[in-house]
Protein chains: 2
Amino acid sequence: MNERIVDLLKKNHLSITDSRKKILSHFLDSNGALAHADIEHKSGTEFDRVTIYRTLQTFVEKGIIHTIPTTDNSVRYALCKDECSAGHHHDDHVHFMCDECGTTYCLDHVTVPKVELPAGFTATQNDLVVSGLCNKCS
Amino acid sequence: MNERIVDLLKKNHLSITDSRKKILSHFLDSNGALAHADIEHKSGTEFDRVTIYRTLQTFVEKGIIHTIPTTDNSVRYALCKDECSAGHHHDDHVHFMCDECGTTYCLDHVTVPKVELPAGFTATQNDLVVSGLCNKCS
DNA sequence: ATTTCAATGCAACAATGTTGCAAAATTTAT
DNA sequence: ATAAATTTTGCAACATTGTTGCATTGAAAT
């Protein structure tokens, strides 16, 4: 587990620091997506708020995590699949937000169907946000 | 134009006030979606910030406008189609965000294809967020 | 081990959103 | 049309969220 984290950081030419290792492990531990506040609570007073912001920013830039569009417009992050972190070619994501418990799931196996766009519009990324009840709440 | 606004407010049992009329007209004037900040700028110092927040909240509750999930997690609002404002049965939306100019378009005529969900998951709403270049920026 | 460079913590700030309450405006009833 | 009842607004104060500059600390390279 710890090796995987260190590898991920090395591969992206990032210094291996406590905060980065801890924050990455939070993502690996949780099956869902995390908001900044979640990480702040999980970490207690271990790290400065600013450090968490900057770490998340760095991870997004490196393609380790990605932001998720949500219906309640709260900022959430989730681990990228390998293909995503490799380059900066964005790919499509399907996410499920539970209206009851608020958990956000990444449905990686579901493919986003391509949609027809009006003339002159070109798409580089498709995000499908499905909301409803998850398997635990229904 | 003004009649349509008054009708819309009356239909939803809302008092007809300057701020509501003005904010609604901003939505009718713009083809895209608006953020709170957009409305604040368009309105100048005419209304208090709090009034704008509360007006938008009210409109969302009444189903006059809806929030849009965005990739940059900024809160945006757009007018609902009639079917949407009628009841509170959410329906599916397709939105397009231009990476260049940031304009958000509601693509009402595009239908969201249903996706297969894992067992135990039930969907009540599907939002598809497509990003790329709009017809003006490509 | 020492230098070099990157990352952190702190403080201060900016933006965004919320709440309570009195004043003003709108609607309803007389 | 006027007065009472209700809703909406503006103000103030506050809470949350996110950003920036800079000195200090820690990691990496020589």
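Proteins get letters first, then strands, A, B, ... in listed order; numbering begins at 1 in each.
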Atom-pair distance (CD1 on A:I52; P on D:dT16), nearest Å: 16 Å
To the nearest Å, give me how far apart NE2 (B:H13) and P (D:dT6) are. 18 Å
On the nucleotide D:dT9, are OP1 or OP2 found under 4.0 Å from the side-chain N or O atoms that B:T17 carries? yes
To the nearest Å, how far apart are B:Y53 OH and D:dT9 P? 16 Å
Given side chains that start at C-beta, do those of A:V130 and B:L117 come closer than 4.5 Å, heavy atoms only? yes
Any side-chain N or O of A:S15 below 4.0 angstrom from OP1/OP2 of C:dA6? no
To the nearest Å, give me how far apart CG (B:D18) and P (C:dT26) are. 6 Å
So if you build clusters from Ile, Leu, Val, Met, Phe, Trp, Tyr with side-chain heavy-atom gaps below 4.5 Å, do B:L128 and B:L133 land together? no
Quick one: are A:I52 and A:H36 in side-chain contact, heavy atoms under 4.5 Å? yes
Would a 4.5 Å heavy-atom cut-off, applied to side chains only, mark B:I39 and B:L56 as touching? yes
Position toward the 5' end of DNA chain D (nearest nucleotide), A:A37 or A:L14: A:A37
Which listed nucleotide (D:dC11, D:dG18, D:dA28) is nearest to the side chain of A:H36? D:dG18
Please confirm whether the shortest side-chain N or O distance from B:S19 to OP1 or OP2 of D:dT9 is below 4.0 Å. yes
Can you tell me how far P of D:dT19 sits from CZ of A:R49, to the nearest Å? 10 Å
How many Å lie between CG on B:D48 and C1' on C:dA22, as a whole number? 14 Å
Looking only at side-chain N and O atoms, does A:R20 come under 4.0 Å of OP1 or OP2 in C:dA7? yes
Going by modelled atom types, is there a donor-acceptor pair between the base of D:dG10 and the side chain of B:R54 at under 3.5 Å? yes
Looking only at side-chain N and O atoms, does B:Q57 come under 4.0 Å of OP1 or OP2 in C:dG17? no
If I take atom CZ in residue B:F47 and atom P in nucleotide C:dA25, what distance separates them, rounded to the nearest angstrom? 13 Å
Would A:R20 and A:T55 count as a side chain to side chain donor-acceptor pair (under 3.5 Å) if you check the C-alpha gap in whole Å, the side-chain angles of each, and the deciding distance to 0.1 Å? CA-CA 7 Å; A:R20 284 175 181 164; A:T55 302; 5.0 Å; no
Taking D:dA28, D:dG10, C:dT27 as options, the one with an atom nearest any side-chain atom of A:I16 is D:dA28
Can you check the B:N12 CG to D:dT8 P distance for me, whole Å? 12 Å
